[in-house]
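Everything on this sheet refers to the single structure shown next.
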Amino acid sequence: MSTSDRWAKAYARQANADLATWIALAPSKLIPECHKLLFLQMACEKLVKAHLCSKGTDPADVQASHGYTAKNLPIIIREYLVGAGKKPNEIIWILKHAKHLANEIELLAPAVRRGGQRPDNCEYPWEDSGGILHLPLDWTFQPTNLNVDMAGRTFIKVIRRAVDELLA
């Protein structure tokens, strides 16, 4: 059985590849937004799992769920910002947006439905309570504006650096 440290590096390497794919696809008008966001969701989820394993979490404990991002990604971001010497008011502003974005990114995974309240996801069609069938291809997702929104750009920079730190 591989150690938590080895799992942490493996998750970090895969997060790095997923994030690089999202970054490469993000500007494209030819790629549907739902497909691009799938890579961002996977990158964030794997970053969180890498971080948890690096802190000693048993890798088996993180393999059965997609529901780690909303709770843990803001913690990772806060740790990075404090370590980078950011001012408290900057940290508060970034974390306010990061918590919201982390929650929305976690919801992109089809397995995370918030008790049926949020069936929208970036991978599979879903039916709403009114019987209307929706496709990810036609849906506007909250994290879509990450490249143009200041909070989104900051969020992505911090995610990028957190992955880099885990790979070092």
Side-chain angles (χ1 to χ4, degrees), residues 1-27 31 33-88 90-114 118 121-124 136 141-144 146-147 149 151-168:
M1 176 78 178
S2 296
T3 65
S4 290
D5 286 341
R6 291 186 67 198
W7 275 97
K9 288 290 186 199
Y11 278 125
R13 286 188 62 214
Q14 195 63 44
N16 187 48
D18 292 344
L19 187 58
T21 302
W22 179 79
I23 289 168
L25 295 176
I31 307 294
E33 208 58 41
C34 61
H35 288 82
K36 295 183 246 184
L37 288 172
L38 181 61
F39 284 101
L40 178 62
Q41 181 273 323
M42 292 187 304
C44 290
E45 181 179 322
K46 289 170 190 139
L47 166 60
V48 166
K49 290 179 179 188
H51 177 79
L52 291 171
C53 288
S54 76
K55 300 291 186 190
T57 298
D58 184 340
D61 292 345
V62 299
Q63 293 173 354
S65 176
H66 296 282
Y68 290 96
T69 305
K71 177 182 176 186
N72 294 288
L73 194 54
I75 294 167
I76 294 167
I77 291 170
R78 185 180 65 235
E79 286 179 11
Y80 172 80
L81 294 171
V82 169
K86 294 289 184 187
K87 297 175 184 165
E90 288 178 287
I91 293 172
I92 290 168
W93 181 85
I94 293 168
L95 282 178
K96 174 185 162 195
H97 296 284
K99 287 177 183 177
H100 175 71
L101 286 169
N103 187 53
E104 290 297 321
I105 287 168
E106 180 174 287
L107 288 168
L108 294 171
V112 180
R113 298 173 55 104
R114 296 289 188 260
R118 288 288 304 270
N121 70 87
C122 63
E123 195 171 352
Y124 296 105
F141 294 96
Q142 183 70 25
T144 296
L146 286 171
N147 283 339
D149 179 59
R153 290 191 314 268
T154 302
F155 179 85
I156 294 301
K157 285 178 191 173
V158 173
I159 298 301
R160 168 81 271 153
R161 290 180 183 139
V163 170
D164 290 344
E165 283 186 8
L166 283 163
L167 290 172

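If you read the sequence from its start, that first residue is 1, and numbering goes on from there. The model shown is predicted, which means the values in this text are computed figures rather than measured ones.
Panel note: side chain Gln41, backbone Ile105; no donor-acceptor pair is recorded below 3.5 Å. Not a single donor-acceptor pair under 3.5 Å links the side chain of Lys46 to the backbone N or O of Ala10. Judged purely by atom type and a 3.5 angstrom limit, Glu123 has no side-chain atom pairing as donor or acceptor with the backbone of Pro110. At least one donor-acceptor pair closer than 3.5 Å links the side chain of Thr57 to the backbone N or O of Leu52.
Contact check for Met42 versus Leu38: side-chain heavy atoms found under the 4.5 Å cut-off. Proximity of Phe141 to Cys122: side-chain heavy atoms (C-beta onward) are separated by under 4.5 Å at one or more points. Looking at Leu25 and Trp22, their side chains never come closer than 4.5 Å, going by heavy atoms from C-beta outward.
How far CG of Leu37 is from CG of Leu108: 5.5 Å, rounded to the nearest 0.5 Å. Note that CG of Leu95 is 6.0 Å distant from CG of Leu81, once rounded to the nearest 0.5 Å. Interatomic distance, NZ of Lys9 versus CG of Leu167, reported as 6.0 Å (0.5 Å rounding). Here the OH atom belonging to Tyr80 is positioned 6.0 Å from the CD atom belonging to Glu165, to the nearest 0.5 angstrom. The CD atom of Glu106 sits 10.5 Å away from the SG atom of Cys44 when rounded to the nearest 0.5 Å. With rounding to the nearest 0.5 Å, the separation of NZ in Lys96 from CD1 in Ile94 is 12.5 Å.
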> Passes salt bridge (charged side-chain N to carboxylate O under 4.0 Å, His left out), Glu45 versus Lys49? Steps please.
Replying inline: CA-CA 6 Å; Glu45 181 179 322; Lys49 290 179 179 188; 3.1 Å; yes
>> side chain to side chain contact (heavy atoms under 4.5 Å, CB included), that's the test. Do Val62 and Tyr11 meet it? Break it down for me.
In response: CA-CA 11 Å; Val62 299; Tyr11 278 125; 4.0 Å; yes
>> With side chain to side chain contact (heavy atoms under 4.5 Å, CB included) as the criterion, how do Leu19 and Phe39 come out once you've worked through the C-alpha distance, each side chain's angles and the decisive distance to 0.1 Å?
In response: CA-CA 7 Å; Leu19 187 58; Phe39 284 101; over 6 Å; no
>> Pair Ile159, Leu73 - check side chain to side chain contact (heavy atoms under 4.5 Å, CB included), show working.
In response: CA-CA 9 Å; Ile159 298 301; Leu73 194 54; 3.5 Å; yes
>> side chain to side chain contact (heavy atoms under 4.5 Å, CB included) for Phe155 and Ile77? Distances and angles first, verdict last.
In response: CA-CA 8 Å; Phe155 179 85; Ile77 291 170; 3.6 Å; yes
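Around CZ of Arg13, the count of heavy atoms belonging to other residues, nucleotides or ligands within 6.0 Å does not exceed 12. No more than 12 heavy atoms of other residues, nucleotides or ligands sit less than 6.0 Å from atom NZ of Lys99. Taking a 6.0 Å sphere around NE2 of His97, one finds it holds more than 12 heavy atoms contributed by other residues, nucleotides or ligands.
Residues Thr154 and Trp93 come closest through the heavy atom pair OG1-CZ3, 4.3 Å. Across all their heavy atoms, Val163 and Ala15 have their closest contact at CG2-CB, 4.3 Å. Across Ala12 and Leu166, no two heavy atoms sit closer than the pair CB-CB, 3.8 Å. Of all heavy-atom pairs between Ala24 and Pro27, the closest is O-CD, 3.6 Å. Taking all atoms of both residues into account, the shortest heavy-atom contact from Pro59 to Cys53 is CA-SG, 3.9 Å. For Ala102 against Pro74, the heavy-atom pair with the smallest separation is CB-CD, 3.9 Å.
Looking at Asp164 and Arg160, a side-chain N of the basic residue comes within less than 4.0 Å of a carboxylate O on the acidic one, giving a salt bridge. Using a 4.0 Å cut-off between charged side-chain N and carboxylate O, Glu33 and Lys36 make a salt bridge.
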